[in-house]
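As structure tokens, the structure follows; a few thoughts come after it.
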Amino acid sequence: MTTTIETTLTQIPHIIGDRRIDPGERRGAVYNPSKGVQTGEVGLASAALVAEAARTAATAQKAWRDVGLVKRTQMMFRLREIITARADDLARIITAEHGKTVPDARGEVARGLENVEFCTGLMHHLKGEYSEQIATGLDVHQVRQPLGVVACITPFNFPAMLPLWMVPTAIAAGNAVILKPSERDPSAAVWLADAFREAGFPDGVLNVVHGDKEAVDAILADPIIKAVSFVGSTPIAKYIYTEAAAHGKRVQALGGAKNHMVVMPDADLDAAADAAVSAGFGSAGERCMAISAVVAVGGVGDALVAKVAERMKDLRIGDGFDPENEIGPLITDAARQRVRGFVDGAEGEGARLVVDGREQRFDSDGFFLGASLVDEVTPGMRVYDEEVFGPVLSVLRVDTYDEAVQMINENPFGNGTAIFTRDGKTARQFEYDIQVGMVGVNVPIPVPVGSFSFGGWKNSLFGDTHMYGSEAFNFYTRRKVVTSRWPEPSESQISLGFPTH
């Protein structure tokens, strides 16, 4: 007798206005990456569905724009309360679909909440400017007005934090949003949409549309959508920027990274080794701010590599729901095989494999890969030239501070970097010299707090505006300047010359 075990897959809906739309014929598989099994199905939106979402958002935005700033602020406070009270629920959703450990997922939610808290000050952030009596009887004022409908396209590695870095600001500024999360771990976006609705935000102000390239291309071309925020790999960021700009949209597109951590001869090597392991292998290296290249200056390389390798022995890799584990799986088996490929090729290119994560074995069929440490890496090797996005830490050796700076500045990426030193003069000079958007001094992952803004330079950012903070309110609004005069009728006269006031 054969027993058939049926597994019910969770159906993850689109949300358009007040409707939850089940997946249609085009569907994507959603996995639990710690077990390597499919747990859900998500719809892949057609261009027609994207257009419907855009029309719904445009209708909702007309009414939302008229909602007073005090009421918007109250809703934002309620949103903060809801997410804070249920942060553990959201974290568990992230762990189930992304794989990162529950504490790591809680940290992601906390960093996203920083921007919600910043947005509760929207009355201050949206203030205009006024100058009276610019000339006799002539006043000038400037106001910020919403763009209309904007789209937010977010990646798999932070399925809650990155939507929270974009969506609250856009909505606080008076826009309606179409959120297109990664189809690999889409449930966090649905959870957030429900939280927005519970907080009092009207239907249609936040819409969630899942999908692949067809949905993205529809977003880029739709004339109703006025701006696009994106985070992902550099090739796709460049594509998003080019295509959206060609359709007349405002764009901020954040791309990939190769983040260096410089360790000076005077650094505390124990602290530097702790930081390298934490920043290199946290969340299985699937962070655009992960340290993937340690630059050892002078004679510290041997001692530093030994300390890092020793710490790697105790790393606990496994199911993110197990509180004993520190690192979860990669998001898909394809991602795991891609990262393995960097380790496979490193020795052949002349690097030295100190710790080989490929040798680690796991009891589960999940998409796990052990952490690797590769020494004697140089520019020109694939493991250095490309964004690995996995648990692989490279060590490069240089003789001087100037060589370290030159190496970083010549790299095409410019997202984040750090220096470990006890010398204030060296640290200050590094801040001045380095051509990177976010810099840490004895801080390995220098992600700015919510009142500043996040973004890199060079091939790590396409567009002029960084994410969240004050720059985000600039991105999601446009300024209008009004010049006014209220003369007496007898003062009116014809003047054909250019006005000089």
Side-chain angles (χ1 to χ4, degrees), residues 12-21 23-28 42-65 145-155 162-163 165-171 173-183 186 189-190 192-193 196 201-232 235-255 462-465 467 472 475-478:
I12 301 161
H14 308 283
I15 298 178
I16 299 179
D18 62 352
R19 295 183 300 135
R20 301 173 81 87
I21 301 172
E25 293 183 3
R26 294 181 65 243
R27 302 182 179 204
V42 62
L44 304 177
S46 64
L49 191 66
V50 171
E52 180 183 348
R55 291 191 299 269
T56 300
T59 299
Q61 193 272 332
K62 291 177 182 177
W64 175 242
R65 179 184 174 180
Q145 295 184 339
L147 302 177
V149 177
V150 302
C152 301
I153 304 172
T154 57
L162 283 166
W165 279 6
M166 300 178 189
V167 175
T169 315
I171 289 177
N175 301 286
V177 173
I178 298 172
L179 171 60
K180 207 298 291 181
S182 171
E183 65 276 20
V190 174
L192 288 171
F196 271 84
F201 293 91
D203 293 330
V205 169
L206 173 56
N207 307 275
V208 179
V209 174
H210 308 288
D212 52 11
K213 187 176 185 296
E214 180 176 339
V216 170
D217 285 342
I219 287 170
L220 301 182
D222 195 296
I224 293 175
I225 298 170
K226 303 303 181 185
V228 176
S229 297
F230 170 84
V231 175
I236 299 177
K238 189 173 183 179
Y239 173 80
I240 295 283
Y241 177 76
T242 302
E243 289 297 311
H247 286 90
K249 302 184 193 307
R250 185 176 289 188
V251 194
Q252 54 176 190
L254 280 68
F462 297 88
D464 298 323
T465 308
M467 196 156 289
F475 179 78
Y476 291 119
T477 59
R478 51 187 171 187

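This chain uses plain numbering: 1 for the first residue, then up along the sequence.
Side-chain atoms of H247 and P223, non-hydrogen and from C-beta on, never get closer than 4.5 Å to each other. Considering only heavy atoms from C-beta on, L179 stays 4.5 Å or farther from V209 through its side chain. Looking only at side-chain heavy atoms (C-beta outward), P146 and Y476 stay at 4.5 Å or farther from each other. Contact annotation: the side chain of I240 approaches that of I153 to within less than 4.5 Å [non-hydrogen atoms, C-beta and beyond]. No side-chain heavy atom of L254 sits less than 4.5 Å from a side-chain heavy atom of F462. Between L49 and I16 there is a side-chain heavy-atom pair separated by less than 4.5 Å.
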Check the pair C152, K180 against side-chain contact (heavy atoms from CB on, under 4.5 Å), reporting the backbone distance first and the verdict last.
CA-CA 6 Å; C152 301; K180 207 298 291 181; over 6 Å; no

Would V205 and V177 count as a side-chain contact (heavy atoms from CB on, under 4.5 Å) if you check the C-alpha gap in whole Å, the side-chain angles of each, and the deciding distance to 0.1 Å?
CA-CA 6 Å; V205 169; V177 173; over 6 Å; no

Would you check, one step at a time, whether the test side-chain contact (heavy atoms from CB on, under 4.5 Å) holds for I12 with V190?
CA-CA 8 Å; I12 301 161; V190 174; 4.0 Å; yes

Residue pair T154, F230: steps toward the side-chain contact (heavy atoms from CB on, under 4.5 Å) verdict
CA-CA 6 Å; T154 57; F230 170 84; over 6 Å; no

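In terms of heavy-atom proximity, G17 sits nearest to N207 at N-OD1, 2.8 Å. When all heavy atoms are compared, the tightest approach of A244 to L220 is CB-CD2, 3.9 Å. Looking at every heavy atom in both residues, R27 comes nearest to G24 through NE-O, 2.7 Å. Of all the heavy atoms in K226 and L147, the pair that sits closest is CG-O, 3.5 Å. Shortest non-hydrogen contact noted between A176 and G204 is CB-O, 3.9 Å. Between H210 and P181, the closest heavy-atom pair is ND1-CG, 3.5 Å.
Rounding to the nearest 0.5 angstrom, the gap separating the CD1 atom in I224 from the CD1 atom in I219 is 12.5 Å. Taking CD of E183 as the reference point, atom CG of L44 lies at 6.5 Å (rounded to 0.5 Å). Here CG of L192 is found 10.0 Å from CD1 of I15. Values are rounded to the nearest 0.5 Å. We find the CZ-CZ distance between F201 and F196 to be 5.5 Å, quoted to the nearest 0.5 Å. Of the inter-residue distances, the one linking L162 atom CG with M467 atom CE reads 7.0 Å to the nearest 0.5 angstrom.
At least one donor-acceptor pair under 3.5 Å links the side chain of W64 to the backbone N or O of I171. For the pair R20 (side chain) and H14 (backbone), a donor-acceptor distance under 3.5 Å is absent. With hydrogens and angles ignored, the 3.5 Å screen pairs a side-chain donor or acceptor of N175 with a backbone N or O of G148. Formation of a donor-acceptor pair under 3.5 Å by the R250 side chain with backbone atoms of T477 is found in this model.
Side-chain contact of T465 with Q252: a donor-acceptor pair under 3.5 Å is absent, judged by distance alone.
Residues satisfying the salt bridge (Lys or Arg N to Asp or Glu O under 4.0 Å) criterion with E243, sequence neighbours excluded, are absent altogether. In terms of the salt bridge (Lys or Arg N to Asp or Glu O under 4.0 Å) criterion, R55 has no residue partners (sequence neighbours excluded). In this structure, the side chain to side chain donor-acceptor pair (under 3.5 Å) partners of D217, at least two apart in sequence or on a different chain, are K213, Y239.
Around CG of D464, the count of heavy atoms belonging to other residues, nucleotides or ligands within 6.0 Å does not exceed 12.
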